[in-house]
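Just follow the structure's listing: the first ligand is 1, and inside any ligand the first atom is 1.
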Amino acid sequence: MPMDENSLRQRYEQLKQEIHFHNYRYHVLDAPLISDAEFDRLVAELRQIEAEHPDWVTPDSPSQRAGAAPSEKFEKVRHPRPILSLANAFGADDARAWFERIRKLDPRVERAAFVVEPKIDGLSVVLHYRDGVFVQGATRGDGEIGEDITANLRTVKAIPLKIPVEGQKSNVQSLSDLPLFSNDRPATFDFRLPSYLVVRGEVFITLKDFEALNQRLQEAGEKTYLNPRNTAAGSLRQLDPSVTAARPLTLLVYQVVHAEGGEVPATQWELLQWLKALGFPVTDAARRFETLDETLAYVQTWENRRDELGYEADGMVIKLDDLRLAEDLGFVGKDPRGAIAFKFPAREVTTRLLAIEVEVGRTGVLTPRAALEPVEIGGVIVKNATLHNFDYIAEKDIRVGDRVLVKRAGEVIPYVIGPVTEARTGAEQPYAPPETCPACGQPVEHFEGEVAWYCVNAACPAQLVRNVEHFVSKGAMDITGLGIKIVEQLIAAGLVRDVADLYTLKREDLLALEGFADKKADNLLAAIAESKRQPLPRLLAALGIRGVGEVVARDLARAFGSLDALAAASAEQLQMVEGIGPNIAAAIVDWFGREQNQKVLAKLKAAGVWPVSQPSAVSSPPSGPLAGLTFVVTGTLAGFSREGVKEFIEAHGGKVTDSVSKNTDYLVLGENPGSKLQKAQALGVKIIGEEELRALCQPQSPIVNRQS
Ligand code: IVH
């Protein structure tokens, strides 16, 4: 029966709240309760209703995050109050001097408490909420006037589009009625919520997201980004919000700039809890201290732990907890007296660029690398740094012999920022990229639209070592005991000319190598033989086709089912698979078209390394004993690795998702299960062990339902 207008309207309001809630769980708390697919279904339902009732759509609808048209330029926004900066302290003495200065200005400082927060290296933004709805967002600009980047900020999922307001049943309060709601939010506050609230925070990209973004770009032969901060800044200043939406931006909020028609906490410590309760993302590394000594001790512990933050921080901010006192102290220029930035030692140093070396990756990409005069950066001796690509060297006019500025942040590979041109003596040598591969001497090639240069010689020894190394690695064929040293030995001895040669190695071959005795040789041969049983996605990812990593390999295996079918596929057919664009499709066709690769495939087939998956999902629905069944796995299984059990279920036609829902058919239970178990029990999902899972794959076996 179709819903009447009233119920549909109610459903619409409920959907908006549910989507906001799950968005908050995912992007702010990092603790999702439903799977991506379930979330997508909610959004699809919302969009369907909005398509039928465009007049119902409000600016706080989750559908309004993306989709705004590109603008011509950014409008100017005057901030309700100046957006201040911070004075710096380089070490404890500076911080104590700051304290002495303000103590003399106001006796209350003597007994003041402090709050410490990370100083995030991102972009300051100012967010306006009217009656609980996000209505405007701006850059800091010159502190007085910023630029209106509302449409871009809407795409940042960590920014709430709606916050609670007084008297109105808010999404946050009513969601506490939902059975899924957990008590992650702190207790409610006794403040009258403002009707107009302006907050300030920092937009940034985590180091992990940044690395992943660059990894994807590099695999696709595209230009990589230089550092998280510039990438975040560039993303926010895009005229087309859909570009911003594609970047992994996030945010942490730390200040109330302005409030009307309500009250705001009077201390920084309470303010952070309050902002968190309103649904804003707030750092969990903040602490409150009663004395400056304790404060400084805490700040200094972060000097060695800064990498644990997961994002770039250039220091810790020390703030007077009493916001009234801080306000009364006023400011000097643009720096408030009530707070100071305690800077971490710089992670940028200058050193000499001794040479530019060129590495050949397993896909043949040539990457320039800086050989540096060794230098210490933040406790680590750095001898090499990335130069990104050959265009970068040319753009920055980096010359061999230059004094260069090098930066190291977190786990990210150190990189050369640029030359210190003032330090030039005239002896520096301009650099030209190699015309031939440094490993094999064959001419290098450049593909239209890509920045990378490639060595396309399949017999290139540098590629061979990396190829084999990749082939045997954990995420690929997973051959234990075959480290890089042995790979190099096998290649140097002429025993391995391509990856297929691994499968024809003999015991005598290995025993003739240095360091090999009976046991080691037997173990290695056993591990190689065992790898023949790896499923198709593994082998596909192992082949090292440009753009075909673990995820793409799984999709391809599901769609084509065998290497024979894949080799016969046209670029058009490949692009029918979701997530495969023209670049990857072309790379796959090119790979299978090369004679050398065809030889390798023929050898693999002859050696019995030829896994076949369940038939194509593109042309026919999945089949197999588990077809149509959805599984969730929790805990550790004795006979399967995490990936292994997934592959096992998929190979038998089943589907594996990350979280339990009413659509889950079975929860596979291992040792030390997580919260998925309770959820499965609550929803009445069938719970099975790994033996029962295997039994399910044997036709007509009875299945025990532990749930009574
Ligand atoms: S407080 C009156 N807290 O650092 C308040 N700033 O170099 C002044 N920043 O412009 C700012 N993390 O963009 C504050 N936890 C934090 C911060 C922070 C990063 C930025 C902010 C500011 C710059 C000053």
May I ask you to check whether Leu86 has an N/O atom sitting below 3.5 Å from an N/O atom of ligand 1? no

Ile120, any N or O under 3.5 Å of ligand 1 N or O: yes

Without hydrogens or angle criteria, can the side chains of Asn214 and Thr224 be said to hold a donor-acceptor pair below 3.5 Å? no

Flag for Lys16-Ser63: side-chain donor and acceptor within less than 3.5 Å: no

Ignoring hydrogens, just give me the one of Lys319, Glu202, Lys119 whose non-hydrogen atom is nearest atom 3 (N) of ligand 1. Lys319

What pairs of residues pass the salt bridge (Lys or Arg N to Asp or Glu O under 4.0 Å) test when at least one of them lies in residues 232-252, not counting sequence neighbours? Glu147-Arg237

Got the closest protein heavy atom to atom 14 (C) of ligand 1, with its distance? Tyr254 CE1, 3.3 Å

Nearest protein heavy atom with distance in Å, relative to atom 15 (N) of ligand 1: Glu117 OE1, 2.9 Å

So, regarding Gln255 and ligand 1 (criterion: nitrogen or oxygen to nitrogen or oxygen, under 3.5 Å), is there a contact or not? no

With no hydrogens and no angle check, do the side chains of Gln268 and Gln255 hold a donor and an acceptor under 3.5 Å apart? no

Could you tell me whether Glu327 and Arg81 have a side-chain N and a carboxylate O separated by less than 4.0 Å? yes

Between ligand 1 and Pro118, can you find any atom pair, the residue atom being a heavy atom, that is separated by under 4.0 Å? yes

So, is the end of the Arg306 side chain (NZ or CZ) under 6.0 Å from the ring centre of Trp302 and within 45° of the ring's axis? no

Identity and separation of the nearest protein heavy atom to atom 2 (C) of ligand 1: Pro336 CG, 3.5 Å

Between Phe210 and Tyr225, is the ring centre distance below 6.0 Å? no

Can you report which non-hydrogen protein atom sits closest to atom 11 (C) of ligand 1, along with the distance? Arg200 NH1, 3.6 Å

Quick note on ligand 1: atoms under 4.0 Å from a heavy atom of Ser85 include exactly 8 (C), 24 (C)

Ligand-residue contact atoms, ligand 1 with Ser124, heavy atoms, under 4.0 Å: 13 (O), 21 (C)

Residues two or more places apart in sequence or in another chain: which of them pass ring-ring contact (aromatic ring centres under 6.0 Å, His included) with His79? none

